[in-house]
Amino acid sequence: MSAWPLPEAFTGGSGTVRWNRLGAPDGRPLVLLHGTPFSSYVWRAVARSLGRDHQVFVWDMPGYGVSEKSAGQDVSLAAQGRVFAELLEHWGLEEPLVAAHDFGGAVALRAHLLHGARYGALALVDPVALAPWGSPFFRLVRDHAEVFEQLPEALHRALVREYVGSTGGPGLHPAVLDRLVEPWLGETGQPAFYRQIAQADQRYTDEIQDRYTGIDVPTLICWGEDDAWIPVAKGRELAGLVPGSRWEPIAHAGHLVQEDAPAELTAALLDFFRRVP
């Protein structure tokens, strides 16, 4: 499996973030946000393709991937929205193009609606945006995170593997599944996995949901039609709320559209971003 290095570091309000910049140095800046329980690794194929035309920024949120994971760390949506706004300032990006998946969608929306982050355009891919969200499993773990933290390592590994593999669509390659599970293992990773679920509170999307009708940047909403985590009907509902948004369902793709249909997603993003003035 090819490497996915994040050699750069930025220390913000929730710890040290690892990031990288790739693609065309003089291209229009484009930032990618991952979801939970994933990392920027899920964007690798799409990011490299987008990099032919754009200067692409990728990062692992605090508490995820190879970024800092620590006891007592604030990895809530509220914290991630602030960190993203800080990171954009650190990079000197005033109106970048933004593509955000799952939890990252809520992060991008909070940064824009609450923290003044400005975007040239926004693409939301199966975002966490509308209540209710969180599967029965997710809610069970959230309500009993301290108990789940005590699971023996082998049981924890099996649980995370089953959870990450349940996104719908054609399913993940075993090597990709291994890579997505790896950051959540060991003395640091296991408590970090339950920490991020314990802090996933719907109130952070409730706070901004009534503001979606005021979004005035060009917006694309992509959705895997076989998403097993957030029904495609939620995507249509969101598209109906954001004025002038473009709706792009992607057939034969589950929640991890980047893995299930990378070519189709890349084509949709390129077509959308190329139309932005």
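When a residue number appears, it is its place in the shown sequence, counting from 1.
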State whether the side chain of [X] and the backbone N or O of [Y] hold a donor-acceptor pair below 3.5 Å, judged by distance alone.
{"X": "His255", "Y": "Asp102", "answer": "no"}
{"X": "Asp126", "Y": "Ile230", "answer": "no"}
{"X": "Gln196", "Y": "Gly63", "answer": "no"}
{"X": "Ser14", "Y": "Asp74", "answer": "yes"}
{"X": "Gln73", "Y": "Glu68", "answer": "yes"}
{"X": "Glu95", "Y": "Gly120", "answer": "no"}
{"X": "His54", "Y": "Val56", "answer": "no"}
{"X": "His34", "Y": "Met61", "answer": "yes"}
{"X": "Thr219", "Y": "Ser245", "answer": "no"}
{"X": "Gln150", "Y": "Glu146", "answer": "yes"}

request  = Kindly determine whether Asp178 and Arg161 satisfy side chain to side chain contact (heavy atoms under 4.5 Å, CB included), including the steps that lead there.
outcome  = CA-CA 8 Å; Asp178 286 343; Arg161 195 175 178 85; 2.4 Å; yes
When you group the ILVMFWY residues by side-chain heavy-atom contacts below 4.5 Å and let the links chain together, are [Y] and [X] in the same group?
{"X": "Leu93", "Y": "Val107", "answer": "yes"}
{"X": "Leu155", "Y": "Val147", "answer": "no"}
{"X": "Trp4", "Y": "Leu265", "answer": "yes"}
{"X": "Val75", "Y": "Val164", "answer": "no"}

State, to 0.1 Å, how close [X] and [Y] come at their nearest heavy-atom pair, and which atoms those are.
{"X": "Thr205", "Y": "Trp133", "result": "OG1-NE1, 2.8 Å"}
{"X": "Gly165", "Y": "Leu177", "result": "N-CD1, 4.1 Å"}
{"X": "Ile197", "Y": "Arg142", "result": "O-CG, 3.3 Å"}
{"X": "Tyr119", "Y": "Val98", "result": "CD2-CG2, 3.5 Å"}
{"X": "Val176", "Y": "Arg44", "result": "CG2-NH2, 3.4 Å"}
{"X": "Leu256", "Y": "Leu172", "result": "CD1-CD2, 3.9 Å"}

[X] [atom1]: over 12 foreign heavy atoms closer than 6.0 Å:
{"X": "Glu162", "atom1": "CD", "value": "no"}
{"X": "Arg157", "atom1": "CZ", "value": "no"}
{"X": "Glu237", "atom1": "CD", "value": "yes"}

Classify the angle between the aromatic ring planes of [X] and [Y] as parallel (below 30°), tilted (30 to 60°) or perpendicular (above 60°).
{"X": "Phe138", "Y": "Tyr163", "value": "tilted"}
{"X": "His90", "Y": "Phe10", "value": "tilted"}
{"X": "Phe38", "Y": "His101", "value": "tilted"}
{"X": "Phe84", "Y": "Trp59", "value": "parallel"}

With a 4.5 Å limit on heavy-atom distance, are the side chains of [X] and [Y] in contact?
{"X": "Val160", "Y": "Pro37", "result": "no"}
{"X": "Leu87", "Y": "Phe57", "result": "no"}
{"X": "Phe272", "Y": "Glu248", "result": "no"}
{"X": "Trp184", "Y": "Leu159", "result": "no"}
{"X": "Val66", "Y": "Ser39", "result": "no"}
{"X": "Phe148", "Y": "Leu140", "result": "yes"}
{"X": "Tyr212", "Y": "Leu130", "result": "yes"}
{"X": "Pro62", "Y": "Gln80", "result": "yes"}

Rounded at 0.5 Å granularity, tell me how far [atom1] in [X] sits from [atom2] in [Y].
{"X": "Asp226", "Y": "Ile250", "atom1": "CG", "atom2": "CD1", "answer": "11.5 Å"}
{"X": "His112", "Y": "Arg118", "atom1": "NE2", "atom2": "CZ", "answer": "10.0 Å"}
{"X": "Gln199", "Y": "Leu77", "atom1": "CD", "atom2": "CG", "answer": "10.0 Å"}
{"X": "Glu187", "Y": "Glu153", "atom1": "CD", "atom2": "CD", "answer": "9.0 Å"}
{"X": "Glu207", "Y": "Leu109", "atom1": "CD", "atom2": "CG", "answer": "13.0 Å"}
{"X": "Arg211", "Y": "Leu241", "atom1": "CZ", "atom2": "CG", "answer": "15.0 Å"}

ask   = Is it true that Lys234 and Asp227 make a salt bridge, defined as a side-chain N closer than 4.0 Å to a carboxylate O?
value =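 Here Lys234 does not pair with Asp227 in a salt bridge, since their nearest N and O are not under 4.0 Å apart.
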request  = Examine the side chains of Ser166 and Trp229 and answer whether a donor and an acceptor come within less than 3.5 Å of each other.
outcome  =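 Distance-only check passes for Ser166 and Trp229.
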message = With side chain to side chain contact (heavy atoms under 4.5 Å, CB included) as the criterion, how do Asp271 and Leu220 come out once you've worked through the C-alpha distance, each side chain's angles and the decisive distance to 0.1 Å?
response = CA-CA 10 Å; Asp271 182 63; Leu220 170 70; over 6 Å; no
task = Output, in order, the C-alpha distance, side-chain angles, deciding distance and verdict of side chain to side chain contact (heavy atoms under 4.5 Å, CB included) for Leu30 and Leu269.
result = CA-CA 11 Å; Leu30 193 165; Leu269 293 174; over 6 Å; no
inquiry  = Can you see whether Tyr41 has Arg179 sitting over its ring - NZ or CZ less than 6.0 Å from the centre and within 45° of the normal?
reply    =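 The answer is yes, since Arg179 meets both limits relative to Tyr41.
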request  = Could you walk me through whether Arg274 and Asp53 pass side chain to side chain contact (heavy atoms under 4.5 Å, CB included), step by step?
outcome  = CA-CA 9 Å; Arg274 283 170 178 163; Asp53 296 329; 2.7 Å; yes
